[in-house]
Amino acid sequence: MSKGRSEAAAGASGILLKYLQEQNRPYSAQDVFGNLQREHGLGKTAVVKALEQLAQQGKIKEKMYGKQKIYFADQDQFDVVSDADLQGLDAKILALTAKVQSLQQSCRHMEAELKELTSALTTPEMQKEIEELKKECAGYRERLKNIKAATNHVTPEEKEQVYKEGQKYHKEWRRRKRMATELSDAILEGYPKSKKQFFEEVGIETDEDHNVKLPDP
């Protein structure tokens with residue numbers, strides 16, 4: 001092995017040993033490669049060889065998990081953690097978890113506020129909208145002015161008179177229709193043909209023939 005390759009292998013081993021000790025959790029070679037490749041530019045082959053070498057040297061532990069090897073830091077190098085220390089770590093984890101949740105909630109509020117601000121009208125857009133509304137209002141005022149100035153308005157008295165006359169004619173319409181119906185029914189009692197044939201022969205046209213409906217009383 002050349003000097004350059006030896007130095008590269010030693011560098012990879014140092015990086016991986018430090019990473020496993022800091023993380024202190026099991027990883028496969030693929031996991032280590034995926035986590036460190038971007039930051040350190042390590043190739044997968046170099047990672048696999050460095051992990052195997054570290055395991056052979058006893059600097060890390062190696063175990064088979066299914067069909068793949070798992071690597072993790074040698075636990076003998078770490079101090080024994082007391083129950084009090086574990087409880088302290090648990091409390092710290094809970095505090096950090098609560099802080100993360102609070103920050104996530106704040107982020108959601110800020111995202112909602114940002115979305116609201118970005119969807120709101122800008123100052124130039126608002127000014128344009130105001131001008132358009134002013135023009136629309138001016139048009140309504142002009143129409144109202146013309147309506148007020150017109151001389152052909154219907155007074156309440158005139159409106160009431162038209163309504164009364166309409167009621168009168170509707171009443172007469174109902175009376176005459178009832179009389180015509182009673183008369184035709186009387187004739188049809190002794191008429192040998194159908195009602196439709198009778199109306200056609202006599203020349204009677206009904207409201208229905210002209211799609212006319214008598215208004216409700």
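Side chains included, hydrogens not; waters and symmetry mates left out as well; all remaining heavy atoms used.
- The CG atom of Leu16 sits 5.0 Å away from the CG atom of Leu51 when rounded to the nearest 0.5 Å.
- In this structure, Leu54 and Leu17 approach most closely via the heavy-atom pair CD1-N, 4.0 Å.
- For the atom pair CD of Gln104 and OG of Ser106, the computed distance is 10.0 Å after rounding to the nearest 0.5 Å.
- Taking 4.5 Å as the limit, some side-chain heavy atom of Lys18 sits within range of a side-chain heavy atom of Glu22.
- Closest of all the heavy-atom pairs between Ala12 and Leu42 is CB-CD2, 4.1 Å.
- Shortest non-hydrogen contact noted between Ala29 and Val47 is O-CG1, 3.9 Å.
- With a 6.0 Å radius and a threshold of 12 heavy atoms from other residues, nucleotides or ligands, Glu208 has its CD atom above the threshold.
- Side-chain atoms of Asn24 do not come within 3.5 Å of backbone N or O of Leu20 as any donor-acceptor pair.
- Looking at Thr118, its side chain does come within 3.5 Å of a backbone N or O of Leu114 through a donor-acceptor pair.
- Side chain of His40 to backbone of Leu36: no donor-acceptor contact under 3.5 angstrom is found.
- Residues Lys69 and Ser28 form no side-chain contact, since every pair of their non-hydrogen atoms from C-beta on lies 4.5 Å or further apart.
- With sequence neighbours excluded, the residues forming a side chain to side chain contact (heavy atoms under 4.5 Å, CB included) with Thr122 are Pro124, Glu125, listed by chain and number.
- Shortest non-hydrogen contact noted between Tyr71 and Glu52 is OH-CG, 3.6 Å.
- Interatomic distance, CD1 of Ile60 versus OG of Ser13, reported as 9.0 Å (0.5 Å rounding).
- A 4.5 Å side-chain heavy-atom check between Lys128 and Glu131 finds every atom pair outside the cut-off.
- Taking every heavy atom of both residues into account, Ile70 and Pro26 meet most closely at CG2-CB, 3.3 Å.
- For the ring-ring contact (aromatic ring centres under 6.0 Å, His included) with Tyr19, the qualifying choice from Phe72, Tyr27, Phe33 is Tyr27, the only one to do so.
- Using a 4.5 Å cut-off between side-chain heavy atoms of Ile, Leu, Val, Met, Phe, Trp and Tyr, with links allowed through other members, Leu183 and Phe199 fall into the same hydrophobic cluster.
- Counting non-hydrogen atoms of other residues, nucleotides and ligands closer than 6.0 Å to CE of Met179 gives a total of 12 or fewer.
- The side-chain heavy atoms of Gln30 and Lys44, taken from C-beta on, include a pair separated by under 4.5 Å.
- Pairs of residues two or more places apart, or lying in two chains, that qualify as side-chain hydrogen bond (donor to acceptor under 3.5 Å, both in side chains) and include a residue from residues 176-197 are Glu172-Arg176, Lys177-Asp207, Tyr191-Glu201, Lys193-Glu201, Ser194-Gln197.
- Tyr140 has its side chain within reach of Glu136: a pair of non-hydrogen atoms, C-beta onward, lies under 4.5 Å apart.
- Residues Arg108 and Gln105 meet the side-chain proximity criterion, which asks for heavy atoms closer than 4.5 Å.
- Counting only distance, with no hydrogens or angles, the side chain of Gln75 and the backbone of Ala73 share a donor-acceptor pair below 3.5 Å.
- If you take NZ on Lys99 and NZ on Lys92, they are separated by 11.0 Å, rounding to the nearest 0.5 Å.
- Hydrophobic clustering, with ILVMFWY side chains joined whenever heavy atoms are under 4.5 angstrom apart, keeps Met126 apart from Leu133.
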